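To start, the structure itself, in structure tokens.
Letters go in sequence order (proteins before strands), and every chain restarts at 1. Quick caveat: nothing in here was measured; it's all calculated off a predicted structure.
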Protein chains: 2
Amino acid sequence: MKKGLSQTCHRFFSTVSNPTRLATLEKLREGPMNVSQLAEALNQEQSMISHNLRPLVRCRFVHVERRGRERIYRLNRETVEALFKIVENHAEKYCPTGGRCP
Amino acid sequence: MKKGLSQTCHRFFSTVSNPTRLATLEKLREGPMNVSQLAEALNQEQSMISHNLRPLVRCRFVHVERRGRERIYRLNRETVEALFKIVENHAEKYCPTGGRCP
DNA sequence: ACCTCGTATGAAACATATTTCATATGAAGA
DNA sequence: TCTTCATATGAAATATGTTTCATACGAGGT
């Protein structure tokens, strides 16, 4: 693997290794949403959601679209669902206790 | 997605969001290796490799086998190759500048 | 029993990431 | 133009993760 991809991997995985951002991705599986809706659904401050959306957009895990004064965030399903599927398969096989590794 | 998987995701992705561990995984694609070999190949202190191998083992990205006084680390290809493939696909599609996102 | 090799470990030092809070920006309506 | 709503942003406060260094442990060989 080339030098560049290693760096890409790092940014890619760092972006999804955060509980707030993971929760955001999970929530967006239900459909596109604006920031306030996400903030309410996840029970977090708007500012925090906003801060955490940025890296998700930067790495294209989600896409934004302006709609008047709100911004609609939409999941990049292709990548995110594939990612979740791998974790599910892996966990099923290697984490029989349900995520709590010894 | 259940509460448990979200936590699993976090641990899973945290583990691979570190340059040393990513380099270790990449190196292990070439075949099983012991700690000293990894340390030399990656030009890092033995202690550091050892510390970083732990989370990789805990999450089963790699497996260990004792051989006399050395320990042979072996990649869990099923999970790791699948993971790399997703990043490659994603990067190709969304990071045309080669990992440097604007 | 002692020495050496390969590896692991704990804890301090260091580096990075996350959250919070106050405030700015920008679009739309009165 | 003034106000309000939705969102973004900067910087301090806080929390987490990583590396280093010194040392411990355990398996072989002598």
Side-chain angles (χ1 to χ4, degrees), chain A residues 6-28 31-75 101-102, chain B residues 6-28 31-75 101-102:
Chain A
S6 188
Q7 230 170 316
T8 307
C9 279
H10 183 210
R11 182 170 272 187
F12 186 94
F13 292 128
S14 303
T15 302
V16 287
S17 69
N18 167 294
T20 304
R21 295 194 287 272
L22 280 168
T24 303
L25 292 178
E26 276 191 55
K27 195 67 199 170
L28 288 176
M33 255 172 239
N34 68 29
V35 181
S36 316
Q37 290 172 316
L38 277 168
E40 176 160 36
L42 303 178
N43 205 35
Q44 299 284 340
E45 302 249 334
Q46 169 270 318
S47 159
M48 188 181 163
I49 298 297
S50 204
H51 272 303
N52 277 286
L53 278 167
R54 198 153 70 164
L56 288 174
V57 172
R58 177 160 48 75
C59 275
R60 308 285 205 275
F61 286 107
V62 308
H63 298 119
V64 206
E65 191 191 334
R66 279 159 212 239
R67 264 285 216 141
R69 46 191 164 192
E70 49 191 319
R71 301 195 186 186
I72 312 294
Y73 287 86
R74 174 174 47 84
L75 196 65
C101 316
Chain B
S6 187
Q7 230 169 317
T8 307
C9 280
H10 183 208
R11 182 169 273 187
F12 186 95
F13 292 127
S14 303
T15 302
V16 287
S17 70
N18 168 293
T20 304
R21 295 195 286 274
L22 280 168
T24 302
L25 292 177
E26 275 192 57
K27 195 68 199 167
L28 287 175
M33 255 172 239
N34 68 28
V35 181
S36 316
Q37 291 173 315
L38 277 168
E40 175 160 36
L42 302 178
N43 205 35
Q44 300 284 339
E45 301 250 333
Q46 170 271 317
S47 160
M48 188 183 164
I49 297 298
S50 205
H51 272 303
N52 277 286
L53 278 166
R54 198 153 69 167
L56 288 174
V57 172
R58 177 160 49 75
C59 275
R60 307 287 205 274
F61 287 106
V62 309
H63 299 118
V64 207
E65 191 191 332
R66 280 160 213 240
R67 266 281 218 145
R69 46 190 164 190
E70 48 191 321
R71 303 196 184 183
I72 312 294
Y73 288 85
R74 175 174 47 83
L75 196 65
C101 317

Taking it one step at a time, do A/His51 and A/Ser47 satisfy side chain to side chain contact (heavy atoms under 4.5 Å, CB included)? CA-CA 6 Å; A/His51 272 303; A/Ser47 159; 3.7 Å; yes
Show the atom names and distances, to 0.1 Å, of all donor-acceptor pairs under 3.5 Å that link a side chain in residues 63-70 of chain B to residues at least two apart or in another chain.
residue, atom, partner, partner atom, Å
B/Glu70, OE1, B/Asn34, ND2, 2.5

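Distance check, rounded to the nearest 0.5 Å: OG of A/Ser17 to NE2 of A/His10 gives 8.0 Å. Note that CD of A/Gln37 is 11.0 Å distant from CG of A/Leu42, once rounded to the nearest 0.5 Å. For the atom pair CG (B/Leu38) and CG (B/Asn43), the distance works out to 12.5 Å, reported to the nearest 0.5 Å. A distance of 6.5 Å separates CG in B/Asn52 from OG1 in B/Thr24, rounded to the nearest 0.5 Å. In this structure, A/Met33 CE and A/Ile49 CD1 are separated by 11.0 Å, a value rounded to the nearest 0.5 Å.
Here A/Phe12 pairs with A/Phe61, B/His90 under the ring pair (Phe, Tyr, Trp, His ring centres under 6.0 Å) rule; sequence neighbours left out.
Rounded to 10 degrees, the angle separating the terminal helix axes of the helix from C/dA1-D/dT30 to C/dA30-D/dT1, each built from five base pairs, is 20°.
A donor-acceptor contact shorter than 3.5 Å links the side chain of A/Arg21 to the backbone of A/Thr15.
The shortest distance between side-chain heavy atoms of B/Leu28 and B/Leu56 does not fall below 4.5 Å. At least one side-chain heavy atom of B/Phe13 sits under 4.5 Å from a side-chain heavy atom of A/Leu22.
Following rounding to the nearest Å, A/Arg71 (CZ) and C/dG26 (C1') show an atom-to-atom distance of 9 Å. Whole-Å rounding puts the A/Arg66 CZ to C/dA28 C1' distance at 15 Å. A straight line from CD of B/Glu70 to C1' of C/dT7 spans 10 Å, rounded to a whole angstrom. Look at CZ on A/Arg69: it is 11 Å from P on C/dA27, rounded to the nearest Å.
Taking a 4.0 Å limit (strictly below) on heavy-atom distances, residues 41-55 of chain A reaches DNA chain C at A/Ser47, A/Met48, A/His51, A/Asn52.
Within the 4.0 angstrom heavy-atom criterion, no nucleotide atom of any strand lies near A/Ser14. A/Arg21 comes within 4.0 angstrom of sugar-phosphate atoms only, judged by non-hydrogen atoms across all strands, and of no base.
Here the closest non-hydrogen pair linking A/Asn18 and A/Thr20 is OD1-N, 2.8 Å. When every heavy atom of B/Val35 is checked against every heavy atom of B/Ser50, the shortest pair comes out as CG1-N, 4.5 Å.
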Give me the distances for all protein-to-nucleotides 12-15 of chain C N/O pairs that come in under 3.5 Å?
none

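Residues B/Asn34 and A/Ser17 each lie close to DNA chain C; by heavy-atom proximity, the contact nearer the 5' end of the strand is made by B/Asn34.
A sub-4.0 Å separation between OP1 or OP2 of C/dG6 and a side-chain N or O of B/Tyr73 is absent.
First and last contacts of DNA chain D with chain A, using any nucleotide atom under 4.0 Å from a protein heavy atom and ordered 5' to 3', fall at D/dT4 to D/dA11.
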